[in-house]
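Have a look at the structure below before the remarks.
Below, chain A is the first sequence line, B the second, and so on; all start at residue 1. These numbers come from a predicted model, not from an experiment. The analysis underlying the following values was restricted to heavy atoms, covering all of them including side chains, and did not include hydrogens, waters or symmetry mates.
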Amino acid sequence: MVGGAGGVIVEVEAYHHTDPAAHSYIGMTERNAVMFGPPGFAYVYRSYGIHWCLNFVCEAEGSASAVLIRAIEPVAGIAAMRRRRGKDLASPDDPALCSGPGKLCQAMGVSIKHNGLALDRPPFELRARASVPEIVVGPRIGITKAVDEPWRYGLKGSRFLSRPFPKR
DNA sequence: CTCTCGATTATCT
DNA sequence: GATAATCGAGAGC
């Protein structure tokens, strides 16, 4: 979680430098430089000029890989997140609060200030899951290249996914 | 409920 | 100047 607000990650997408849709595909730029650095850091960028997206830099043979956080299940700081979203969400656990890259970043107040920060120091707090949940895999969403690559991972049956996964 | 389309701005070519 | 790993509103079924 981030800065006292956050929740359980329920959906992610994998990217690495051989992926045409990844920012690290073309090569290192000023923006994605953190992806080429050591793992365990946050990579934050702007999408369509108005949304923030949060990634975790991962270790994958030094190949500039990262995981995009697509959705979380709100657990802490829900009131603060609702305030930041500026929406009148009917139910306290409304999936619309964090069911998407842009939404969860807005909810947790993630911005360019968090780019390149370590995930094991404030305001970040990364904790391991108590047990291994059931995971499903599916095609990725919201990109224009290599959409069919099955690199989207989600928590099976979660109501907080940005979109439901296909049956398998 | 599903699908289409416009908004908005840092970054890249 | 063109592009984008999205969101949300609004039209059409």
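- Heavy atoms of Ile112(A) sit nowhere under 4.0 angstrom from any nucleic acid atom.
- Across dT8(B), dA5(C), dC7(C), the shortest atom-to-atom separation from the side chain of His51(A) is found for dC7(C).
- Under the 6.0 Å cut-off for aromatic ring centres, His114(A) and Trp52(A) do not qualify, their centroids lying 6.0 Å or more apart.
- Between Tyr25(A) atom OH and dA4(C) atom P the separation is 14 Å, expressed in whole Å.
- The nucleotide dA9(C) finds its pairing partner in dT4(B), both defining distances of the Watson-Crick or G-U wobble pair being shorter than 3.5 Å.
- Between Gln106(A) atom CD and dG8(C) atom C1' there is a gap of 12 Å when expressed in whole angstrom units.
- Comparing Thr29(A) and Tyr48(A), the nucleotide of DNA chain B nearest to each residue sits closer to the 5' end for Tyr48(A).
- The backbone N or O of Ile112(A) sits nowhere less than 3.5 Å from a side-chain atom of Asn115(A) that would complete a donor-acceptor pair.
- The CG-P distance, from Asn115(A) to dA5(C), rounds to 17 Å in whole Å.
- When the P atom of dG8(C) is taken as reference, atom CZ of Arg163(A) falls 15 Å away, rounded to whole Å.
- Between dG8(C) and Arg85(A), a contact under 4.0 Å exists linking OP1 or OP2 to a side-chain N or O.
- Cluster annotation: Phe124(A) is connected to Ile72(A) through the hydrophobic network of ILVMFWY side chains, with a link wherever side-chain heavy atoms come within less than 4.5 Å.
- Closest to the side chain of Glu30(A), from the set dC12(B), dC7(C), dA5(C), is dC12(B).
- Nearest to the side-chain atoms of Ile50(A) among the listed nucleotides dA5(C), dA7(B), dA10(B) stands dA7(B).
- Exactly one of Lys156(A), Lys103(A), Arg70(A) qualifies for a salt bridge (charged side-chain N to carboxylate O under 4.0 Å, His left out) with Glu11(A). That residue is Arg70(A).
- Within 4.0 Å (heavy atoms only), Arg70(A) reaches sugar-phosphate atoms of the nucleic acid but no base atom.
- Here Thr144(A) does not reach the OP1 or OP2 of dT3(C): none of its side-chain N or O atoms lies under 4.0 Å away.
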